[in-house]
Amino acid sequence: LTIAQSTFYRVARLKSLYLILVICVLDVAAMSFYHDLSLGMEKELMFDCALALTMIVGLISAMIAAFEIPRELREKTAQFILSKPTGRSAFVWGKFFGVSAVVVFNTAFILCGSIIAFRLSFGETPWVPLLQGGVLIAAEALVLAAIGVLLSTFLTDTLAVIGQIVFFAIGHSIYMLPHTMDNALTRAVANIFPNFHHLDIKTELSHLALQAMDAGAVSVAADLELSNTFVGMGVAYGGAYALFATGLAVLLFSRKDIQ
């Protein structure tokens, strides 16, 4: 817990972080001025922009995980706890939970700012679809953070970040592999790599948000219930994968020869 808190507070003290988050929220709010250019679809544009920026912020936040362990090893600031066998597992879990807190905080900041921007611009807010999309994005970012922790146990921070980007790209396209080459190998690869297609319903949520704002919440109640089920399954999938990747990182790091 102490390691997680120190990791979170160290990142939270960066003033540039809040500047980036505020700029992202202002970008979302600016979409309301594009009525003519968007052909009257400024609501959908704002919704898509909110989730897109939340995704970018979540991805960047997850990349912090790739730098934490290599930085500590270079600076030798955690030698005491790393000298104990049980200390290594606590160190890795602490880093993961600390970065996870950063991911949740940053995505929540963008979502709350987007909800306020919707309310001020249109007098109404599709807050349920926004929160559903934000929760799935946070789950995806947590998976990437866990992968970053895992890769950083045996790679340099630069290579770990590159690995995260590779996993991100593969994760969003892996679902097509069994459809193009259906055999035991492709199915195994599809099960090993994180399948972010399970966490991606941004297009469906965008249509749902417009229906909720234009037709009222009652007419889309069934769709909201269905999307809630999907979100719950997606969070369970992302959480299980993140815990598995972090557990594997603990196993590898416990056997790592630290000078």
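Just so it is clear, the model here is predicted, and its values are computed rather than measured.
Leu130 and Ile115 make their closest contact through CD1-CG1, 3.9 Å (heavy atoms, listed as atom of the first residue, atom of the second, distance). Nearest heavy atom pair, residue Ala141 against residue Ala62, reads O-CB, 3.4 Å. Closest approach of Val149 to Ala65, counting heavy atoms only: CG2-CB, 3.7 Å. Of all the heavy atoms in Leu142 and Phe96, the pair that sits closest is O-CE1, 3.7 Å. Contact between Val103 and Ser61 at its shortest, heavy atoms only, is CG2-CB, 3.8 Å. Annotation for Thr7 and Lys95: closest pair OG1-NZ, 3.4 Å, computed over non-hydrogen atoms.
A donor-acceptor pair is defined here as one N or O able to donate and one able to accept, closer than 3.5 Å; such a pair exists between the side chain of Ser6 and the backbone of Ile3. Proximity of a side-chain donor or acceptor of Tyr237 to a complementary backbone N or O of Ala139 within less than 3.5 Å is not detected.
Between Phe105 and Phe109, the two ring planes are tilted [angle within 30° to 60°]. Ring geometry, His172 versus Phe196: the interplanar angle falls from 30° to 60°, so the pair is classed tilted. In this structure, Phe47 and Phe118 have perpendicular ring planes: the angle between them is above 60°, well past the 30° mark.
For the atom pair CZ of Arg88 and CD1 of Ile69, the computed distance is 11.0 Å after rounding to the nearest 0.5 Å. Atom OG of Ser152 sits about 13.0 Å away from atom CD1 of Ile64, to the nearest 0.5 Å. The distance from the CG atom of Asn106 to the CD1 atom of Ile60 is 9.5 Å, given to the nearest 0.5 Å. Atom CD of Glu72 sits about 4.5 Å away from atom CZ of Phe91, to the nearest 0.5 Å. Atom CZ in Arg13 sits 11.0 Å away from atom CZ in Phe8 (nearest 0.5 Å). How far CG of Leu53 is from CD1 of Ile20: 12.0 Å, rounded to the nearest 0.5 Å.
Residue Ile110 is not grouped with residue Leu120 when hydrophobic side chains (ILVMFWY) are merged at heavy-atom distances under 4.5 angstrom, including chains of intermediate members. Ile165 and Leu151 fall within a single hydrophobic cluster, where Ile, Leu, Val, Met, Phe, Trp and Tyr side chains are chained together by heavy-atom contacts under 4.5 Å. In the hydrophobic cluster analysis, where Ile, Leu, Val, Met, Phe, Trp and Tyr join through side-chain heavy atoms closer than 4.5 angstrom, Val104 is grouped apart from Trp93. Cluster membership check: Ile174 shares its hydrophobic cluster with Leu59, using side-chain heavy-atom separations under 4.5 Å among Ile, Leu, Val, Met, Phe, Trp and Tyr. Two different hydrophobic clusters hold Ile23 and Ile56 under the rule that ILVMFWY side chains link at heavy-atom gaps under 4.5 Å.
Using a 4.5 Å heavy-atom cutoff, the side chains of Thr246 and Leu150 are not in contact. Proximity of Gln132 to Leu136: side-chain heavy atoms (C-beta onward) are nowhere separated by under 4.5 Å. Taking the side chain as every heavy atom from C-beta outward, Ile137 and Val57 never approach each other to under 4.5 Å. Inter-residue side-chain proximity for Asp157 and Val161 is flagged as unmet; no heavy-atom pair is nearer than 4.5 Å. In this structure the side chain of Ile147 reaches within 4.5 angstrom of the side chain of Pro194, judged on heavy atoms.
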Quick one: do Glu140 and Tyr241 satisfy side chain to side chain contact (heavy atoms under 4.5 Å, CB included)? Show the steps, please.
CA-CA 10 Å; Glu140 180 176 338; Tyr241 200 100; over 6 Å; no

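Around atom OH of Tyr18, more than 12 heavy atoms belonging to other residues, nucleotides or ligands sit under 6.0 Å away.
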